[in-house]
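Only a predicted model underlies this, so the values are computations on that prediction, with no experimental measurement involved. Below, read A as the first sequence line, B as the second, and so on, with proteins coming before strands; counting in each chain starts at 1.
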2 protein chains.
Amino acid sequence: MYSAAMSMNTSERLIEATRELLWERGYVGTSPKAVQQAAGAGQGSMYHHFAGKQDLALAAIRRSAEELGAAAEAVLGGTGSAYARIEAYLLRERDVLRGCPVGRLTMDPEVIADPELRAPVEEVLGRVRARIAEVVQEGLDSGELSGGLDPEEIAATVLATVQGGYVLARATGSRAPFDTAVRGLLTLLAP
Amino acid sequence: MYSAAMSMNTSERLIEATRELLWERGYVGTSPKAVQQAAGAGQGSMYHHFAGKQDLALAAIRRSAEELGAAAEAVLGGTGSAYARIEAYLLRERDVLRGCPVGRLTMDPEVIADPELRAPVEEVLGRVRARIAEVVQEGLDSGELSGGLDPEEIAATVLATVQGGYVLARATGSRAPFDTAVRGLLTLLAP
DNA sequence: GTCTATAAGAAGATAGAC
DNA sequence: GTCTATCTTCTTATAGAC
């Protein structure tokens, strides 16, 4: 059962349970049966609300992407200097060992092969990347960051460091490599 | 059938087929049956050579890790300045859209949950990270790289950028974000 | 809306013949 | 070493009753 969610209706519980399972096991590793058990819903109930596994995953992925975009915007659109906001993004509270609920899906062959499932993943990662680039541009305009930097390049480096930090952390079973990689990047970016 | 490998014996073909499937679909997404078909081997044949799925995956993962370590050492242990060798590592030929055959496994819940399967992944990523740190240290010692850098941190940033670059590339279906992230990092590292 | 029944095929083996 | 048979459980549904 989706323990933190007894007050949700069945459709909501199914989506939330799917989000958790996709995060932990990916699309290939998540079965409708596992979703039903986690949501406390029956077989017929699930197929009443959703057309099938793909349909349910689509709802779950869209919501996770939306949430990720909002969380990124919350720090990148905050107050402070450009460097401070990028630092806030990098140091933002994260469940490092669980990885990124969206980035994780890029390693799933069936998500990547399905344009509908891949679309929200591509869209939100592109949006966050563009938003970081805007902040870098602001830092260049104000003279806060050094002149030779390309905003799009630095934004890709920042996002890649985060996504790759998850990989290193999960490989070691410790969040330390994630934090180390972030500190390295912050040193390189330091005005 | 493992098309490029008709001359290998059954055991070899099974390992190579497993490496390909683990790379593409992960451990959770790879079935013994799929391995057998890709290797052109029968059920009984596979279970004669290997105790089961985990045993076969262990052989495959160990080999992929070994290969990755050797490829990294080939560029990091080459000639040239510290920066040039790190640049060579970052620009090294890669099948970007396929991702990293080793890093990819960190997103697999059953690999991460199994100490035997995770060990080669952790070991080789740690080894590459330490090797990059050595090269950064050489650059600091020679005065080629700026003084304020921590070798361990920069090494983690370099490896994370690569691993995260794969994520961004697969999300968009294009290798461009990988190359962009690498260029950003090279700009930040430039002596 | 939710439940149970049914089903073809895959997953991950084990057993024993050849 | 390789092959076929067999087994249990899981996967991903569909059909129809309540």
**Q** Taking only side-chain nitrogens and oxygens of B/His49, does any of them come within less than 4.0 Å of OP1 or OP2 of D/dT2?
**A** yes
**Q** Under 4.5 Å between side-chain heavy atoms, chaining through other members, with only Ile, Leu, Val, Met, Phe, Trp and Tyr counted: pull out the rest of the cluster around A/Val28, sorted by chain and number.
**A** B/Val28
**Q** Tell me which pairs pass ring-ring contact (aromatic ring centres under 6.0 Å, His included) where either residue lies in residues 9-39 of chain A, with sequence neighbours left out.
**A** none
**Q** Apart from B/Leu56 itself, which Ile, Leu, Val, Met, Phe, Trp or Tyr residues share its cluster (side-chain heavy atoms under 4.5 Å, direct or through members)?
**A** B/Leu14, B/Ile15, B/Leu21, B/Val35, B/Met46, B/Tyr47, B/Phe50
**Q** With A/Gln43 as reference, evaluate A/His48, A/Gln36, A/Lys33 under the side-chain hydrogen bond (donor to acceptor under 3.5 Å, both in side chains) test and give the passing residue.
**A** A/Gln36
**Q** So, using salt bridge (Lys or Arg N to Asp or Glu O under 4.0 Å) as the criterion, who are the partners of A/Glu134 when residues are at least two apart?
**A** A/Arg131
**Q** Just N and O in the side chain of B/Thr10: are any of them under 4.0 Å from OP1 or OP2 of D/dT2?
**A** yes
**Q** Could you pull out all residues at least two apart from A/Arg62 that satisfy salt bridge (Lys or Arg N to Asp or Glu O under 4.0 Å)?
**A** none
**Q** In whole angstrom, what separates A/Tyr47's OH from C/dT4's C1'?
**A** 15 Å
**Q** Apply salt bridge (Lys or Arg N to Asp or Glu O under 4.0 Å) to A/Glu122 and list each qualifying residue two or more places apart in sequence or on a separate chain.
**A** A/Arg118
**Q** Enumerate the residues from residues 53-63 of chain A whose closest heavy atom to DNA chain D is under 4.0 Å, giving them by residue number; use none for an empty result.
**A** A/Lys53
**Q** Just to verify, what does A/Ala181 make a side chain to side chain contact (heavy atoms under 4.5 Å, CB included) with, not counting sequence neighbours?
**A** A/Thr161, B/Ala156, B/Thr157, B/Ala160
**Q** D/dA15 P sits how many Å from A/His48 NE2, rounded?
**A** 16 Å
**Q** Please identify each residue that fulfils salt bridge (Lys or Arg N to Asp or Glu O under 4.0 Å) with A/Arg175, with sequence neighbours left out.
**A** A/Asp179
**Q** What protein N or O atoms touch nucleotides 5-10 of chain C N or O atoms at under 3.5 angstrom, if any, and at what distances?
**A**
unit_1 : atom_1 : unit_2  : atom_2 : d
C/dA10 : OP2    : B/Lys33 : NZ     : 3.4

**Q** Expressed in angstrom and rounded to an integer, what is the separation of B/Gln36 atom CD from C/dA11 atom P?
**A** 10 Å
**Q** Separation of B/Arg13 atom CZ from D/dT2 atom C1', in whole Å?
**A** 12 Å
**Q** Would you kindly give the CZ-to-C1' distance between A/Phe50 and D/dA13, to the nearest whole Å?
**A** 16 Å
**Q** Has B/Arg25 got a side-chain atom pairing as donor or acceptor with B/Thr30's backbone, closer than 3.5 angstrom?
**A** no
**Q** Counting the atoms with a prime plus P, OP1 and OP2 as sugar-phosphate, which does B/Thr30 contact under 4.0 Å by heavy atoms, base, sugar-phosphate, or nothing?
**A** sugar-phosphate
**Q** With sequence neighbours left out, which residue pairs that include part of residues 180-191 of chain A fulfil the side chain to side chain donor-acceptor pair (under 3.5 Å) condition?
**A** A/Arg183-B/Glu153
**Q** Are any protein N/O atoms closer than 3.5 Å to N/O atoms in nucleotides 16-18 of chain D? If there are, list each pair with its distance.
**A**
none

